[in-house]
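Each chain gets a letter, A, B and so on, in the order the sequences are listed, and its residues count up from 1. Because the structure is predicted, anything quoted here is derived from the model rather than measured.
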Amino acid sequence: MNFSSIEKNSQKTWEDEKLFSPEIDSEKKGFYIQVAYPYPSGAMHIGHAKTYTTTDIIAKYKMLAGYNVLMPMGWHVSGTPVLASVEKLKEKDSETVKIFTENFKIPEKDLKKMHTPDGLVNYMVDEAEYGYKKGMKILGFGIDWRRELKTIDEQYKKFIEWQYEKLNQKKLIGKGKYPIRYSPKDKMAVGDHDLKEGEGIGIQEFTLLKFKLEGFKNRFLVAATLRPETVYGQTNLWLNPEYKYTVIKTGKEEWILSEKAAEKLIYQKENIKKIGKMNSRELLGEKVEAPGIDRKIPIWPASFCDPEIGSGIVTSVPSDAPIDMAALIDLQSDESIAKKHGLDFEEIKNTKIIPIIKTKKFGENAGEKILKEMNIKNQKELDKLEKAKEIVYKEGFHSGVMLEAAGKFKGLKVSKAKDLIKEELIKQGKADLFFELEGKVVSRSGGECVVRLLDDQWFVKYGNKEWKKNSKKDLDGMKIVPEVFRKQYEQIFNWLDDKPLTRAKGLGTKFPWQKDQVIEPLGDSTVYMAYFTIAHLINTIEAQKLNDEFFDFIFLGKGSAKNVADKTGLKVDLIEELKKNFDYWYPLAFNVSAIELIPNHMSFSIFQHNAIFPQNKRQIGTINLGMLILEGKKMSSSKGNVILINDICKKMGTDYVRFSLMNFVEPWEEMNWQSKEVSKGIKNLNNFVEQIFKLANSVDEEKIDLKKLNDVDKWFLNRINFRINNYIGKMNEFELRSALQEMSFNLAKDFKWYKRRNSKLNNAIIFYFVKNWCKIISPFMPHLAEELWRHVLKQKNSVFLSGLPEKQKIDKSVGAGENLIEKVLDDVIAIKALAKIEKPKKIVFYIADEWKWNALKLLKKVDRPDFGLVIKTLMADKTVKKQGKTAQLVAKEFSSRLMEFKDLEKIDEEKILNDSKEFLLKELNAQKIEIFHEKKSGFDPQNKAVKSMPGKPAIYLE
RNA sequence: GCAGGGGUUCCCGAGUGGUCAAAGGGGCAGGACUUAAGAUCCUGUGGCUUAGUGCCUUCGCAGGUUCGAAUCCUGCCCCCUGCACCA
């Protein structure tokens, strides 16, 4: 078969006939399916293809089912990657050039076209041979290209501005502080992809406790802690005795802390000034006022105090912190240290430990207890102490309860008390927040990163409770495919919090209220599905004419077309046309995307639809797709283990690629593309497809004459209908793999049996088979199906307009006959092997007596395979009882295979076997077949006849 | 750590209470066809046993519920995905 010419022909026909450019059609129901538009930054590989192919198949199936289907496509080019690539290409950065020329297969001479963002975007979309758009065309997607958009189109930007105006009106946009990872050297915020070291390292929030130093007006030592709730157990403050601390001025206060912490604070507080140094010798032994407990506590030395960590000052809570306990014991057990620093040893010795948290595991004094348990001797065993801390902390957080010392927080769970105490301390001015990276983070350029606290960051308030509640309501009414992901959505909805909306850099829409900021890429890709419904028309309008009234009218039905026309200078007709388009296509039937996007795109989309659009103009459901790995490994274009669409389609044929993408797992499952398995699958498929084409060429008999059918014909017809029904059922649940297998391998199997059983195939049946197969395979293999439909089966219009086959009645008894033949065949083969009879002279079948069939009916009352129950039930019947020992035998069989016998329907075994005599003789390589009723045999040398059961004739061979 | 998903026979993968030693495919073995290879078709593929049978063992591990569990419940171990400024 010449795939390439078939593909070209089919695609040309679709284009000529504008098959996939739907117009409003009041006669037809609309079905609008939308798949997350890609970031067109490279070559399209089979991983991308899986997502889009799945969507395309669903779209084509719905078209076959009679819907007016819309599937648009756009290009998400917002954000920084394009800018970064342009910079690097201009610099002729060798690594980037290599990626573009080798991995994306872009000719080197074209690289100069990509020295501007627009140039790069346009090239990647329209010119790149291996790009997404070309790939999608190769794959034969039914995309309405008139509606193509880029997220930097001027009209699109107007739409985004309108979107955020709406959110703002609902008070869902806010401004506030926000910590980010920041590289002082590069003077920019850094994401994971900007890093040389420390990917995935997060930001930790510390509470900065302020201890007023005695003898000073406004001077505080500050200690950073992750555990503000432990303030009630403080006994003293720890300083590193060998260190010179820095004094800074912040507002009216002066803070003492490590040099490193001071450096970090510069990025988190305004107007930090270093004003001096203080040696720890000046501080040891002095008293400070401890926050939370409002008591004076002394400053003592501890070697574990690391100026690199936190503020270099630690508040001591020996009852709960193992390391504090260890340091205290060290101090208490060696008077010389106190002497050296001029401390009051009596005070050290008499230090009272204050229990604050009670846990099941450690009681009230976890610090002391775990030191003993882990046999920790002093504060120098840092590794052990680190572990001890972790254990105590976890135990306390999950099961701990605050004790009396915590005052009004007594009795609260630690997990709850923590935030309450923190907030109270901050409110009282006794604490502040301090953000710290969890580990070392280094930017690409080699600069060590810190946390920067943005003062006036804009947010989308996904944390808003009312909004969450309403969005959750929408979610409840939506169809989630597959349903198992609903839980995940619900969890995400609970967890979602206010999310930064703007960035300083990147392509996209300028933020209307602060023009030096750009709406970040996840913000301009949440409700664009609505825009697609009018994209083909809005493209022709000058962007500056578009205003809020315009969008309000089209999407929300506010105002009138005339009013909008007056304000924008647009024609009333055009405005009404736009609105009609939106009203026809919305609500969106399905939003399709990869599972990974559930926590952002997909969830945001539900939220924002809820906030902006009226109830009946949101989305009906989501389809969530699994990703694709290659030979068990993640695909990575930099490592070269990718399969590009152009290459694989050329090699295998587009329709076989589409088939293979669906053949192994359901759409939402992760697929492992293994070339070996794929080609095996294709081999089988190809045999079947070629047979079909051959058959199709040989038949044109439309009408099935039931009178001319033999039993096997009927069986096959029945089987085809059965498969079609299954297919429709599966497709409606989006179980594409099961549906595909029904009509490829399963139907092929049926056909194989049909051929085996029937020497002459019935033309009408074959025609029916081929025609319906062509229809239902068409969403999966559109090019071949269209070729078969138009040029072999000589049908006029596209196969996609031909309508789904109707659901057919299935006649179970027809199947039973073939089941009997199969079973008998299997049994005789088994016996032949065991008895070592290769060419039987004679095969005798004994058919079960009438009373055995009647006894079968009695089984309806039996609900479990209990021999006692079965025999009791059977013996209650006179005709059965008469049979004596044989009845017992039957009862035993029935009870051991109850489920099998229960569903058995009465069939004429004699006739079925007789009709198939010839077939059985041939298959079994036998000379003669005789069929008797159990009690009328007259020939039963081995006494087999008694063993006959309904559905299972007794067999004798010789 | 938190959240979601998952662990099935040589391999890939179906299977959510009885017809399950467990679909389908692959691999492997045997047979038919062929001069041969390939393609195609048939048969077998946990163990023992047997004229189409019966028994034992098996569905991550350990318990439990039930007349009956791969399937339900509890605990444990392991794997994958996401965790926010990143598209």
Participant: Within the 4.5 Å heavy-atom criterion, are Lys505(A) and Val518(A) side-chain neighbours or not?
Facilitator: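 Sidechains of Val518(A) and Lys505(A): no contact.
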
Participant: Let me have a per-nucleotide readout for nucleotides 20-28 of chain B, 5' to 3', with B, S or -, counting only protein heavy atoms under 4.0 Å.
Facilitator: ----SSSS-

Participant: Which nucleotide, in any strand shown, forms a Watson-Crick or G-U wobble pair with A37(B), with both distances under 3.5 Å?
Facilitator: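 Pairing partner, where one exists within any strand: none, as none qualifies.
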
Participant: Considering only atom P, compute the distance from C41(B) to C56(B) and round it to an integer number of Å.
Facilitator: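 The same atom, P, in both gives a distance of 38 Å.
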
Participant: Applying a 4.0 Å non-hydrogen cut-off, can you work out what Glu735(A) is touching in the nucleic acid: base, sugar-phosphate, or nothing?
Facilitator: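 Touches nothing.
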
Participant: Listed by chain and number, what are the salt bridge (Lys or Arg N to Asp or Glu O under 4.0 Å) partners of Glu838(A), not counting sequence neighbours?
Facilitator: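 Here no residue qualifies.
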
Participant: How would you label the contact of Leu957(A) with the nucleic acid (heavy atoms, under 4.0 Å): base, sugar-phosphate, or nothing?
Facilitator: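 The answer is base, as Leu957(A) lies within the cut-off (heavy atoms under 4.0 Å) of a base atom.
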
Participant: Can you tell me how far C1' in G60(B) sits from the matching atom in A70(B), rounded to whole Å?
Facilitator: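 Rounded to whole Å, the distance is 12 Å.
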
Participant: Can you tell me the Watson-Crick or wobble partner of G4(B), both distances under 3.5 angstrom?
Facilitator: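 Across any shown strand, G4(B) pairs with C80(B).
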
Participant: When the C1' atoms of C20(B) and G15(B) are compared, how many Å lie between them, rounded to an integer?
Facilitator: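 One C1' to the other, the span is 9 Å.
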
Participant: When we call it a touch if two heavy atoms are under 4.0 Å apart, what does Lys752(A) touch: a base, just sugar-phosphate, or nothing?
Facilitator: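 Sugar-phosphate, no base atom in range.
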
Participant: Are Gln488(A) and A3(B) close enough that a side-chain N or O sits under 4.0 Å from OP1 or OP2?
Facilitator: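 Result: no.
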
Participant: Given C80(B), A87(B), A84(B), which nucleotide is nearest the side-chain atoms of Glu670(A)?
Facilitator: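 From the listed options, C80(B) comes nearest.
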
Participant: Could you tell me the separation between the CG atom of Asn624(A) and the C1' atom of G82(B), rounded to a whole number of Å?
Facilitator: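 Answer to the nearest Å: 13 Å.
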
Participant: With sequence neighbours excluded, give me every side chain to side chain donor-acceptor pair (under 3.5 Å) pair touching residues 826-836 of chain A.
Facilitator: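 For residues 826-836 of chain A: none.
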
Participant: Please work out if Thr502(A) contacts a base, only the sugar-phosphate, or nothing of the nucleic acid, heavy-atom cut-off 4.0 Å.
Facilitator: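 If one applies the 4.0 Å heavy-atom cut-off, Thr502(A) turns out to touch nothing in the nucleic acid.
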
Participant: For Lys487(A) and G5(B), give me the distance from atom NZ to atom C1', rounded to whole Å.
Facilitator: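 After rounding, the gap between these two atoms is 10 Å.
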
Participant: Ignoring backbone atoms, test whether Thr80(A) places a side-chain nitrogen or oxygen under 4.0 Å from the OP1 or OP2 oxygen of A87(B).
Facilitator: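 Checking A87(B) against Thr80(A), a side-chain N or O does come within under 4.0 Å of OP1 or OP2.
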
Participant: Send over the distance from Lys944(A) NZ to U53(B) C1', rounded to a whole Å.
Facilitator: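 My rounded result for the distance is 10 Å.
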
Participant: Closer than 4.0 Å, any side-chain N/O of Arg486(A) to the OP1 or OP2 of G5(B)?
Facilitator: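 No, outside the criterion.
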
Participant: Heavy atoms under 4.0 Å, any strand shown: does Asp497(A) hit a base, just sugar-phosphate, or nothing?
Facilitator: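 Base contact.
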
Participant: In whole angstrom, give me the gap between the C1' atoms of C10(B) and G44(B).
Facilitator: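 Straight-line distance between the two C1' atoms is 15 Å.
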
Participant: Closer to the 5' end of RNA chain B via nearest nucleotide, is it Ser78(A) or Ala830(A)?
Facilitator: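 Counting from the 5' end, the first nearest nucleotide belongs to Ala830(A).
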
Participant: Please output the side-chain donor-acceptor pairs of residues 484-494 of chain A that fall under 3.5 Å, not counting sequence neighbours, one pair per line with the distance.
Facilitator:
residue	atom	partner	partner atom	Å
Arg486(A)	NE	Glu483(A)	OE2	2.4
Arg486(A)	NH1	Leu475(A)	O	2.9
Arg486(A)	NH2	Met478(A)	O	2.7
Arg486(A)	NH2	Glu483(A)	OE1	3.4
Arg486(A)	NH2	Glu483(A)	OE2	3.2
Tyr489(A)	OH	Thr622(A)	OG1	3.2
Tyr489(A)	OH	Asn624(A)	OD1	2.8

Participant: Would you please indicate if the ring centroids of Tyr164(A) and Phe511(A) are separated by under 6.0 Å?
Facilitator: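 When the ring centroids of Tyr164(A) and Phe511(A) are compared, they turn out to be at least 6.0 Å apart.
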
Participant: Taking atom P of U81(B) as reference, at what distance in whole Å does atom CE of Met671(A) sit?
Facilitator: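 My rounded result for the distance is 18 Å.
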
Participant: Mind calculating the distance between CD (Glu838(A)) and P (C42(B)) to the nearest angstrom?
Facilitator: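 Glu838(A) atom CD is separated from C42(B) atom P by 19 Å.
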
Participant: Should the pair Glu930(A)-Lys842(A) be classified as a salt bridge under the 4.0 Å nitrogen-to-oxygen rule?
Facilitator: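 Judged by the 4.0 Å cut-off on N to carboxylate O distance, Glu930(A) and Lys842(A) do form a salt bridge.
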
Participant: Who pairs with Lys499(A) by salt bridge (Lys or Arg N to Asp or Glu O under 4.0 Å), at least two apart in sequence or on another chain?
Facilitator: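 By the salt bridge (Lys or Arg N to Asp or Glu O under 4.0 Å) rule, Lys499(A) matches Glu520(A).
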
Participant: Categorize Pro953(A) for me: base, sugar-phosphate, or nothing, with a 4.0 angstrom heavy-atom threshold over every strand shown.
Facilitator: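 Pro953(A): base contact, heavy atoms under 4.0 Å.
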
Participant: Where does the angle between the aromatic ring planes of Tyr462(A) and Trp467(A) fall among parallel (under 30°), tilted (30 to 60°) and perpendicular (over 60°)?
Facilitator: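 Judged by the thresholds at 30° and 60°, the geometry between Tyr462(A) and Trp467(A) is parallel.
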
Participant: How close or far is atom C1' of G5(B) from atom CD of Glu666(A), stated in whole angstroms?
Facilitator: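 Value for this atom pair: 16 Å.
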
Participant: What orientation do Tyr52(A) and Tyr132(A) show, parallel under 30°, tilted 30 to 60°, or perpendicular over 60°?
Facilitator: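 Taking Tyr132(A) first and then Tyr52(A), their aromatic rings stand perpendicular (interplane angle over 60°).
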
Participant: Could you check how far CD1 of Ile180(A) sits from C1' of C86(B), rounded to whole Å?
Facilitator: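 These atoms are roughly 13 Å apart.
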
Participant: Scan every strand shown for a Watson-Crick or G-U wobble partner of U53(B), both distances under 3.5 Å, and answer none if you come up empty.
Facilitator: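 The base-pairing partner of U53(B), which may sit in any strand shown, does not exist here.
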
Participant: Which is true for Pro521(A) with a 4.0 Å heavy-atom rule: it touches a base, it touches only sugar-phosphate, or it touches nothing?
Facilitator: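 If one applies the 4.0 Å heavy-atom cut-off, Pro521(A) turns out to touch the sugar-phosphate alone, with no base involved.
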
Participant: Taking the side chain as every heavy atom from C-beta outward, state whether Val121(A) and Pro40(A) have any pair of such atoms under 4.5 Å apart.
Facilitator: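 No; the side chains remain at least 4.5 Å from each other.
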
Participant: Would you list the protein and nucleotides 43-46 of chain B atom pairs, both N or O, that sit under 3.5 Å from each other?
Facilitator:
none

Participant: When the P atoms of C77(B) and U9(B) are considered, how many whole Å apart are they?
Facilitator: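 These two P atoms come out 22 Å apart once rounded.
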
Participant: Between C80(B), C86(B), G52(B), which one does the side chain of Asp827(A) approach most closely?
Facilitator: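 Comparing C80(B), C86(B), G52(B) against the side chain of Asp827(A), the answer is G52(B).
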
Participant: Using a cut-off of less than 4.0 Å, is there contact between a side-chain N or O of Asn687(A) and OP1 or OP2 of U40(B)?
Facilitator: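 It does, given that an N or O in the side chain of Asn687(A) lies less than 4.0 Å from OP1 or OP2 of U40(B).
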
Participant: Please classify the nucleic acid contact of Ala833(A) as base, sugar-phosphate, or nothing, using heavy-atom distances under 4.0 Å.
Facilitator: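 Contact class for Ala833(A): none.
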
Participant: Can you list everything that forms a side chain to side chain donor-acceptor pair (under 3.5 Å) with Glu436(A)? Sequence neighbours excluded, please.
Facilitator: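 Glu436(A): side chain to side chain donor-acceptor pair (under 3.5 Å) contacts with Lys264(A).
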
Participant: What interatomic distance, in whole Å, is found between C1' of C42(B) and the corresponding atom of G68(B)?
Facilitator: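 The same atom, C1', in both gives a distance of 37 Å.
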
Participant: List, one per line, each side-chain donor-acceptor pair under 3.5 Å for residues 663-671 of chain A, sequence neighbours excluded.
Facilitator:
residue	atom	partner	partner atom	Å
Asn663(A)	OD1	Gln741(A)	NE2	3.2
Glu666(A)	OE1	Leu736(A)	N	3.1
Glu666(A)	OE1	Arg737(A)	N	3.0
Glu666(A)	OE2	Ser738(A)	N	3.2
Glu666(A)	OE2	Ser738(A)	OG	2.6
Glu669(A)	OE1	Glu666(A)	N	2.9

Participant: When you compare U8(B) with A14(B), how far apart are their C1' atoms, in angstrom units rounded to a whole number?
Facilitator: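 The same atom, C1', in both gives a distance of 9 Å.
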
Participant: Taking the same atom, C1', in A23(B) and in U45(B), what whole-Å distance lies between them?
Facilitator: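 Result for the C1' pair: 16 Å, nearest Å.
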
Participant: Using purine N1 to pyrimidine N3 plus N6-O4 or O6-N4 for Watson-Crick, or N1-O2 and O6-N3 for G-U wobble, each under 3.5 Å, what pairs with U74(B)?
Facilitator: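 Its partner is A62(B).
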
Participant: Ignoring the backbone of Arg503(A), work out which of U50(B), A3(B), A87(B) is nearest its side chain.
Facilitator: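 Nearest nucleotide to the side chain: A87(B).
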
Participant: Reckon Leu522(A) touches a base, only the sugar-phosphate, or nothing at all at heavy-atom distances under 4.0 Å?
Facilitator: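 Result for Leu522(A) = base.
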
Participant: Can you name the residues that form a ring-ring contact (aromatic ring centres under 6.0 Å, His included) with Phe919(A), not counting sequence neighbours?
Facilitator: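 Testing Phe919(A) for ring-ring contact (aromatic ring centres under 6.0 Å, His included), a comparison that skips the adjacent residues, returns Trp753(A).
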
Participant: Without decimals, in angstroms, what is the distance between Leu820(A) CG and U19(B) C1'?
Facilitator: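 Atom CG in Leu820(A) sits about 17 Å away from atom C1' in U19(B).
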
